[in-house]
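Okay, so here's the structure we're looking at.
Given the structure is predicted, the values throughout are model-derived calculations rather than measurements. Chain letters run A, B, ... following the sequence lines, proteins first, then strands; residues in each count from 1.
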Amino acid sequence: MSSVIEVYNKLLKFYGKQNWWPAETPFEVCVGAILTQNTSWKNVEKALENLKELKLLSPEAILKADKETLETAIRPAGFFRQKASYLKSFSDFLMEEGGFEKLKRERTQTLRKKLLSIKGIGRETADSILLYALEKPSFVVDAYTKRLFYRIGITDSESISYEYLKSLVEGQIPPLEENIEIYKEFHALIVVHCKEKCRRKPKCQECPLRKDCLYDRIKCTASP
DNA sequence: AACCAGGAGAGAG
DNA sequence: CTCTCTCATGGT
């Protein structure tokens with residue numbers, strides 16, 4: 001069907017610029033990325049709010065905080081025992097590497113490997129941190145991306161591998177400095193489209209992808 | 001009341 | 001490499 005870039009342009013025209021990631025600091029981006037693993041953003045917001053009130057939104061504070069305090073604060077985000085541990089190991093990493101500014105000087109692939117070696121940082125979380133906290137051109141793939149690309153016929157399966165889909169996008173939109181904003185917006189638009197808009201089945205006429213879109217493997221019958 | 005949400009690790013095959 | 005199980009809360 002349509003190319004990756006065409007999908008991006010349609011989504012951008014329809015929804016407008018999103019200015020992601022919703023956070024005040026790079027560290028908050030990272031914490032949010034870890035907390036939102038298989039968890040709705042609504043629950044993550046409560047956890048982030050708790051962390052702010054306890055002034056635990058810095059690597060130093062998280063390392064100092066005792067286990068129970070941290071676990072209680074992030075409990076609304078689910079998997080709180082694992083995630084508390086993940087936040088500790090990531091904070092530990094940040095302190096040893098000397099902070100964001102120092103990390104930014106390293107190459108994207110080097111950073112990606114370092115991030116992936118941290119317990120609790122998988123591919124999506126690593127790419128989210130690279131793109132939104134470290135300003136590196138690394139496209140983020142998630143369940144929405146796989147679902148959407150399958151529905152509009154870019155892929156022929158929803159269980160396509162992460163790295164394959166990532167390279168598919170980066171093949172058409174090269175990982176260059178000038179494309180960082182496109183990567184940021186594209187991922188944001190995919191999430192917004194799939195999470196909010198695409199759920200309104202009855203109003204499918206307003207879907208920017210219209211006839212290209214499949215909902216639950218059923219082709220949308222709305223007229224283009 | 002089952003099912004899902006902006007996944008990741010560990011283990012088995 | 002791909003599959004399966006586990007981890008946990010809150011909203012439909």
Separation of the P atoms in dC4(B) and dC5(C), to the nearest angstrom: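 Here dC4(B) and dC5(C) have their P atoms 15 Å from each other.
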How far, in whole Å, is dA8(B) from dG10(C) if one measures between their P atoms?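 That atom pair is separated by 22 Å.
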Using whole Å, report how far [atom1] of [X] lies from [atom2] of [N].
| X | N | atom1 | atom2 | value |
| --- | --- | --- | --- | --- |
| E45(A) | dG10(C) | CD | P | 14 Å |
| L35(A) | dG7(B) | CG | P | 13 Å |
| N38(A) | dG9(B) | CG | P | 13 Å |
| R75(A) | dG10(C) | CZ | P | 9 Å |
| D127(A) | dG7(B) | CG | C1' | 13 Å |
| I160(A) | dC1(C) | CD1 | P | 13 Å |
| K146(A) | dA5(B) | NZ | P | 13 Å |
| K119(A) | dA8(B) | NZ | C1' | 12 Å |

5'-most by nearest nucleotide on DNA chain B - Y86(A) or Y132(A):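 Residue closer to the 5' terminus by nearest nucleotide: Y132(A).
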When the nearest nucleotide of DNA chain B is assigned to I121(A) and to H187(A) on a heavy-atom basis, which residue is associated with the more 5' position?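 Comparing both residues, the 5'-ward one is H187(A).
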Establish, with yes or no, whether the OP1 or OP2 oxygen of [N] is under 4.0 angstrom from a side-chain nitrogen or oxygen of [X].
| X | N | value |
| --- | --- | --- |
| R81(A) | dA8(C) | yes |
| T125(A) | dA8(B) | yes |
| R147(A) | dC4(B) | no |

How long is the straight-line distance from OG of S91(A) back to CD of E96(A), given to the nearest 0.5 Å?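 It comes to 11.5 Å.
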Say you draw a straight line from CZ of R75(A) to CG of N50(A); how long is it, rounded to the nearest 0.5 Å?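 Separation between the atoms: 11.0 Å.
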Scan [X] against the nucleic acid and name what it touches under 4.0 Å (heavy atoms): base, sugar-phosphate only, or nothing.
| X | result |
| --- | --- |
| S159(A) | nothing |
| K46(A) | sugar-phosphate |
| I118(A) | sugar-phosphate |
| F80(A) | sugar-phosphate |

Side-chain H-bond candidate by donor/acceptor type, S138(A) with K166(A), under 3.5 Å: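 There is such a pair (donor and acceptor under 3.5 Å, judged by atom type) between the side chains of S138(A) and K166(A).
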Would you kindly say whether S159(A) and S157(A) are connected by a side-chain donor-acceptor distance under 3.5 Å?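 The answer is yes; a qualifying pair exists.
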Pair R147(A) + E158(A), salt bridge at N-O below 4.0 Å: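 Between E158(A) and R147(A) there is a salt bridge, with a charged N closer than 4.0 Å to a carboxylate O.
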Selected nucleotide, minimal atom distance to [X] side chain, candidates [options]:
| X | options | result |
| --- | --- | --- |
| Q82(A) | dT9(C), dC7(C), dA8(B) | dC7(C) |
| Q37(A) | dT9(C), dG7(B), dA5(B) | dG7(B) |
| N43(A) | dT9(C), dA5(B), dG9(B) | dT9(C) |
| P76(A) | dG9(B), dG10(C), dG7(B) | dG10(C) |

Within the 4.5 Å heavy-atom criterion, are K114(A) and E97(A) side-chain neighbours or not?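 A side-chain contact exists here, since the closest heavy-atom pair is under 4.5 Å.
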